Amino acid sequence: MGLTKGSVAGGALDAGLVIKKRRSQDRVVALAGNPNVGKSTIFNALTGLHQHTGNWPGKTVANAQGYYSNGQNSYVLVDIPGAYTLLASSAEEEVAREFICSGQADVVVVVCNAASLERNLNLVLQTLEITRRVVVCVNLLDEAQARGLKLDLPALERLLGVPVVGTVASQPQTLAALKQAIDRQADVAQYVDQPAEHSVCDLDLCTVISGQTSEELREELMSLFMQRAEEVAAQVVTGPADHYRRSLDWKIDRLLTSRLWGYALMLLLLAVVFWLTLVGANYPSALLSEGFFWLGERLNDGLSSLHAPLWLQELLVNGVWRTLGWVVSVMLPPMAIFFPLFTLLEDVGYLPRVAYNLDRPFQACHACGKQALTMCMGFGCNAAGVIGCRIIDSPRERLLAILTNNFVPCNGRFPTLIALISMFFVWQTGMASSWLAALLLVLVILLGIGLTFLLTNLLSRTILQGEASSFALELPAYRRPRLLSVIVRSVFDRTLFVLGRAVVVAVPCGLLIWLLANLHWGDSSLLMQLASWLEPLGRLFGLDGVILLAFILGLPANEIVMPIMVMCYLQTGSLTEMADLTELRQLFVANGWTWQTAVCTLLFMLLHWPCSTTLLTIKQETGSWRWTALAFALPTVCGLVLCFVAARLLSLF
Amino acid sequence: MNLADLEPGESGVVQKLLLTGSQRRRLLNIGLLRNTKVQCLGRSPAGDPSAYLIRGAVIALRAKDCQEIILS
């Protein structure tokens with residue numbers, strides 16, 4: 001998922017690459033290749049796990065640099081954006097071509113997918129036209145083998161005239177040969193002019209190809225290179241004619257995308273993920289909450305012994321510390337389970353199948369099937385989902401995806417949805433009720449997905465009219481998930497990052513809320529005055545003033561909506577220990593909640609304005625406050641309408 | 001005949017692309033040129049898009065676009 005520090009915090013950097021050498025004698029190694037060839041895995045294996053993560057297309061090219069040394073040489077490894085060809089004019093491919101043409105790289109490693117060598121050789125041959133300082137890395141040999149393909153790599157080396165190494169990126173020991181080949185190529189002092197026999201087109205691609213190149217010339221060159229790639233591949237690859245339809249991949253795909261099982265399995269998978277999250281999060285949540293409460297007491301004791309004034313103790317412990325404790329203990333466990341599970345699905349290669357299965361409904365809405373992918377990213381974090389919309393080529397379809405991303409609940413909203421469902425709709429504990437809770441959650445999410453389709457359709461018939469553009473989605477081979485990398489990526493890059501953001505917001509919010517709750521105007525606190533002022537408006541939509549106030553104050557992060565409600569209801573201006581949901585339920589009921597209130601709050605949690613981070617991201621991605629305002633209004637209006645109708649209908653019961 | 005006419009399991013060879021502009025470029029990028037052999041692998045649950053084997057990679061294409069890809 002594109003949810004990493006780089007993608008959310010940093011701005012888009014679509015300009016060229018800037019090399020940061022650690023030492024002046026560092027050699028520069030560029031890593032090029034088609035998308036889906038395991039480039040990131042090779043990058044990580046060479047430089048260490050932490051340096052580069054997340055491999056969504058459209059991610060920023062910033063920070064895609066790492067360092068390693070091998071014997072006497074030290075290297076800067078530069079991951080250049082995935083490209084099918086150097087002849088095209090997409091932003092990624094321009095960056096790739098310009099970097100290779102700039103001559104900054106001492107060695108260019110072109111990573112190929114052994115299972116589709118022919119198409120990958122296209123890029124190799126084009127790169128060789130520009131520089132001979134190339135190492136060809138034929139990766140995923142295991143996948144090719146599984147399909148019954150045999151590759152004659154020495155023959156490939158002879159035909160290309162540059163070193164060729166075979167690797168299985170998930171097995172780091174196979175990378176030793178790659179490192180040696182890079183050493184050898186880096187040490188070649190100067191290349192003699194390239195032998196004519198290897199040239200495909202006798203043209204200098206760096207000067208011939210530019211923004212002004214005619215489409216005819218591009219296409220002619222593409223055919224020329226592809227033809228040569230076919231010839232080379234024919235001499236190197238042998239295997240059964242109908243190899244793909246006999247592969248395990250295809251058998252799995254037949255099941256996962258079948259007419260009968262495709263959608264059912266998707267729903268089941270969703271339910272299982274939520275069930276595991278629900279069941280797994282309960283216990284650690286309670287434990288964390290107790291821990292925070294206990295530490296808060298100690299903090300209080302410590303402050304007392306220092307003779308700190310009472311208001312300061314109150315403010316720090318009851319205001320800041322407990323809000324922090326609430327946010328961490330409610331959010332961390334579900335995230336620490338949900339993110340790894342989701343990253344696992346991503347790593348295995350399931351997500352493109354979701355896009356494949358859901359393309360037809362999106363097509364009916366005149367939208368792009370890849371919107372299914374950005375919607376999935378939204379489950380993690382809507383801001384990340386909005387950035388992820390860059391994978392959609394057509395500007396109109398990208399806007400549709402951005403404007404509707406907030407209709408799926410992000411990780412900041414899941415814990416509240418889960419808590420509300422558990423409190424008001426599932427009383428017993430045990431297996432059956434945890435499944436019931438998971439199913440209710442799936443229903444809420446299906447409502448969100450249904451509204452995504454409805455709104456996408458509505459928008460593409462009104463202000464964003466247009467035909468669906470063409471769509472070419474690669475379904476990469478399934479891969480054995482790299483467990484360590486899944487954990488590192490999901491926990492460090494996503495869980496801790498999102499949690500960090502929530503904490504940064506929670507601390508000042510805790511402070512503000514404590515102040516509002518403890519500063520008095522007349523005979524009641526500011527907080528209660530605001531709440532009672534909002535009361536009639538809240539009632540209109542089946543909520544109350546406190547709930548509405550909590551949503552408004554929760555603009556910086558949805559995570560803090562629930563703690564604000566609790567604080568208002570307690571009126572003491574601080575949280576008590578709320579590990580036990582039945583206790584919490586009693587508090588809510590004592591403050592006038594019914595199951596109807598819970599339904600309306602669930603609906604409004606699913607459908608209200610995006611958090612401030614997401615709004616700023618939308619502004620950044622669309623470059624327009626008008627679209628941002630629309631992204632704010634769409635879910636809010638939907639939520640208010642639905643809550644209004646639900647409140648009227650449910651009051652009949 | 002065009003690419004949309006291929007049933008799962010059937011193969012064909014591309015004769016020409018009727019598409020233009022960025023849509024054409026996208027297909028050229030993934031190696032869908034004249035004389036390229038394409039095999040239809042299967043269809044998605046709703047019948048569209050379909051999956052095709054193109055130069056060793058599996059690519060999903062919509063029927064609407066496939067109608068613009070003429071086979072020989």
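It should be emphasised that the depicted structure is a prediction, and the values quoted were computed from it without experimental measurement.
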Practice task
Answer yes when A/Lys370 and A/Glu397 have at least one side-chain N-carboxylate O distance shorter than 4.0 Å, and no when they do not.
Solution key: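 Looking at A/Lys370 and A/Glu397, the cut-off is not met.
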Exercise for the section: Kindly determine whether A/Met266 and A/Leu358 satisfy side chain to side chain contact (heavy atoms under 4.5 Å, CB included), including the steps that lead there. Expected result: CA-CA 10 Å; A/Met266 255 165 54; A/Leu358 287 180; 3.8 Å; yes
Handout entry: Interchain contact, A/Trp261 with chain B, by part (heavy-atom threshold 4.5 Å)
Key =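 Neither part, no heavy atoms under 4.5 Å.
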May I ask you to decide if [Y]'s main-chain N or O and [X]'s side chain share a donor-acceptor pair within less than 3.5 Å?
X: A/Arg396; Y: A/His366; answer: yes
X: A/Tyr263; Y: A/Asn357; answer: yes
X: A/Asn120; Y: A/Asn113; answer: yes
X: A/Asp359; Y: A/Ala355; answer: no

Is the closest side-chain heavy-atom distance between [X] and [Y] below 4.5 Å?
X: A/Leu151; Y: A/Leu149; result: yes
X: A/Asn122; Y: A/Tyr84; result: no
X: A/Val37; Y: A/Cys112; result: no

Handout entry: Heavy-atom proximity to chain A below 4.5 Å, by part of B/Leu61
Key =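 For B/Leu61, backbone and side chain are both near chain A.
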Problem - side chain to side chain contact (heavy atoms under 4.5 Å, CB included) between A/Phe453 and A/Asn457, worked out - result: CA-CA 6 Å; A/Phe453 282 119; A/Asn457 204 349; over 6 Å; no
Problem - Minimum heavy-atom distance between A/Ala472 and B/Ile30, given as atom pair plus value - result: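 Here A/Ala472 and B/Ile30 meet closest at CB-CD1, 4.3 Å.
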Counting a contact as any heavy-atom pair under 4.5 Å apart, which residues of [range] contact chain A?
range: residues 2-18 of chain B; result: B/Pro8, B/Gly9
range: residues 62-70 of chain B; result: B/Arg62, B/Lys64, B/Asp65
range: residues 32-45 of chain B; result: B/Leu33, B/Gln39, B/Cys40, B/Leu41, B/Gly42, B/Arg43, B/Ser44, B/Pro45

Taking every non-hydrogen pair under 4.5 Å, which of [options] racks up the most with chain B?
options: A/Ser258, A/Ala477, A/Gly262; result: A/Ser258
options: A/Arg259, A/Gln363, A/Arg147; result: A/Gln363
options: A/Gln227, A/Arg353, A/Met222, A/Glu219; result: A/Glu219

Practice task
Go through the side-chain N and O atoms of A/Gln126 and A/Thr85 and say whether any donor and acceptor fall under 3.5 Å apart.
Solution key: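 Yes - a donor-acceptor pair under 3.5 Å links their side chains.
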Exercise for the section: Carefully, step by step, assess A/Leu265 and A/Leu269 under the rule side chain to side chain contact (heavy atoms under 4.5 Å, CB included). Expected result: CA-CA 6 Å; A/Leu265 284 172; A/Leu269 216 54; over 6 Å; no
Problem - salt bridge (Lys or Arg N to Asp or Glu O under 4.0 Å) partners of residues 47-59 of chain B, not counting sequence neighbours, each pair once - result: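 Non-adjacent pairs meeting salt bridge (Lys or Arg N to Asp or Glu O under 4.0 Å): A/Glu118-B/Arg55, A/Glu230-B/Arg55.
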Handout entry: Chi angles and distances behind the side chain to side chain contact (heavy atoms under 4.5 Å, CB included) call for A/Leu156, A/Leu121
Key = CA-CA 10 Å; A/Leu156 184 60; A/Leu121 276 176; 4.0 Å; yes
Handout entry: For chain A, the option from B/Gly31, B/Ser50, B/Gly47 that forms the most heavy-atom pairs under 4.5 Å
Key =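 Highest number of pairs under 4.5 Å: B/Ser50.
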Problem - Pair A/Tyr350 and A/Tyr478, ring centroids less than 6.0 Å apart - result: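 No, ring centres 6.0 Å or more apart.
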